[in-house]
2 protein chains.
Amino acid sequence: MAYDRRVDTPPQPLTTGPDPATTGPRGAAFLLAQIGAHAAARFAERVGQLGLAPADVGLLRMIATQPGRSQRALAEDLGVVPSRVVTLIDNLEGKDLVERRRSAADRRNHELHLTAEGTRTLGAVSRAAAAHEDALLAALDPEQRTHLSGLLARIATEQGLTPGVHPGYRNRD
Amino acid sequence: MAYDRRVDTPPQPLTTGPDPATTGPRGAAFLLAQIGAHAAARFAERVGQLGLAPADVGLLRMIATQPGRSQRALAEDLGVVPSRVVTLIDNLEGKDLVERRRSAADRRNHELHLTAEGTRTLGAVSRAAAAHEDALLAALDPEQRTHLSGLLARIATEQGLTPGVHPGYRNRD
DNA sequence: TATTGTTATACTCTATAACTATA
DNA sequence: TATAGTTATAGAGTATAACAATA
């Protein structure tokens with residue numbers, strides 16, 4: 001049994017702070033990191049009920065979008081080492097969500113495809129993601145949500161973040 | 001030498017997507033997780049140049065804000081197990097940033113305090129955080145930054161996120 | 001000889017549990 | 001007997017390196 005913070009968190013007596021410059025940032029960057037981690041954790045809970053880890057979801061989406069790609073290609077896109085893809089795909093194949101097919105053209109390759117159940121599961125993931133989004137943004141009305149998305153998209157573009165690519169694989173981001 | 005994604009990421013041929021419902025979300029929740037992870041990684045780089053891990057920064061800030069607290073109290077606030085605090089404080093004490101003092105009142109306790117160098121380092125962290133914030137939000141003008149902060153603060157409050165508390169310690173969030 | 005995927009190994013991080021000292 | 005902190009151990013996750021099959 002773990003601790004239950006938030007029960008008696010003292011109200012941060014900032015009056016005792018030794019130096020106003022060291023009191024820490026309450027800015028947007030910190031909020032982004034904090035909310036981002038929170039969002040990732042909540043999403044992990046939801047897909048966990050489908051028996052998936054967040055990394056699995058990214059992989060399923062990639063395979064759905066571009067079926068038939070090799071494991072090495074996926075490893076490059078994700079920024080992870082090929083041996084890790086082996087483990088991840090082993091897992092998904094064991095659950096009958098993904099299928100490896102030897103390439104006829106180059107028999108060293110495995111072409112990756114979703115199974116019927118993989119496609120079905122990905123549908124459930126999408127519904128979970130929609131529910132997740134709605135719960136996460138419960139504080140905002142539709143107009144505010146749109147505005148937020150616009151600001152975030154602007155940041156993501158300027159920071160050079162690849163559209164469909166995921167946190168949580170970090171090799172280097 | 002790692003892979004360089006983003007060099008030849010094919011432009012996501014959504015036309016081949018098997019099912020529009022499974023193409024994955026391009027919504028605010030995903031952007032929050034993505035940007036949040038990116039922000040955390042960039043911040044880790046900056047404080048890494050000061051010889052600190054992100055977890056160290058959180059601990060330094062807590063000790064600065066409320067000097068003299070016990071390790072167990074910190075463990076509860078962070079949501080980690082006490083033995084981990086031992087390791088983290090060992091590390092910070094080894095760098096002469098933090099000092100353990102036996103409590104006179106209850107000699108089982110260690111009261112934690114920043115050293116002079118700890119205070120100095122925390123100042124450097126604050127400057128790094130400011131530079132980080134500025135770089136992360138480069139795409140937005142001041143008015144947009146304010147607007148973003150407001151929306152994020154609203155979300156954080158509604159989601160019950162503790163004001164000063166950090167991602168990256170997760171036991172349960 | 002180079003490349004795809006796999007297996008074997010090692011390393012890092014963190015939690016669990018046993019232990020010491022104070023109370 | 002209970003609590004603060006420490007130490008020892010074990011488990012999960014991931015990278016590195018050696019290897020087999022194919023080109």
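Throughout, a chain's letter reflects where its sequence line sits, starting with A, and its residues are numbered from 1.
Spacing between atom CZ of A:Arg101 and atom C1' of C:dT4 amounts to 19 Å, rounded to whole angstrom units. Taking atom CD of residue B:Glu76 and atom C1' of nucleotide C:dA15, one finds them 17 Å apart after rounding to whole Å. With rounding to whole Å, B:Asp77 atom CG is found 14 Å from D:dA4 atom P. Atom pair A:Ile89:CD1 and C:dT4:P shows a separation of 16 Å (rounding to whole Å applied). Atom CG in A:Asn91 sits roughly 17 Å away from atom C1' in C:dG5 (whole-Å rounding). The CG atom of A:Leu88 sits 14 Å away from the C1' atom of C:dT6 (whole-angstrom rounding). Nucleotide C:dT20 holds its P atom 17 Å from the NE2 atom of B:His110, rounded to whole Å. To the nearest angstrom, C1' of C:dA2 lies 14 Å from CG of A:Asn109.
A chain of hydrophobic side-chain contacts below 4.5 Å, direct or via other Ile, Leu, Val, Met, Phe, Trp or Tyr residues, connects B:Leu140 to A:Leu31.
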- How does each nucleotide of nucleotides 16-22 of chain D score, in 5' to 3' order, for protein heavy atoms under 4.0 Å: base (B), sugar-phosphate only (S), or none (-)? BB----B
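The residues B:Asp90 and B:Arg100 are annotated as salt-bridged, a charged nitrogen and a carboxylate oxygen being separated by less than 4.0 angstrom. The existence of a salt bridge linking B:Arg145 and B:Glu143 is excluded, since no basic side-chain nitrogen approaches an acidic carboxylate oxygen closer than 4.0 Å. The pair A:Arg72-A:Asp77 does not count as a salt bridge, with every side-chain nitrogen at least 4.0 angstrom from each carboxylate oxygen.
Between atom CG of residue A:Leu97 and atom NE2 of residue A:His113 there is a gap of 15.5 Å, rounded to the nearest 0.5 Å.
Minimum atom distance to the side chain of A:Arg72 is reached by C:dT4, of the listed D:dG5, C:dT4, C:dT6.
Annotation: of the two residues near DNA chain D, A:Ala105 and A:Thr87, the 5′-most nearest-nucleotide partner is A:Thr87.
Applying the ring pair (Phe, Tyr, Trp, His ring centres under 6.0 Å) test to A:His147 and every residue at least two apart in sequence or in another chain returns B:His147.
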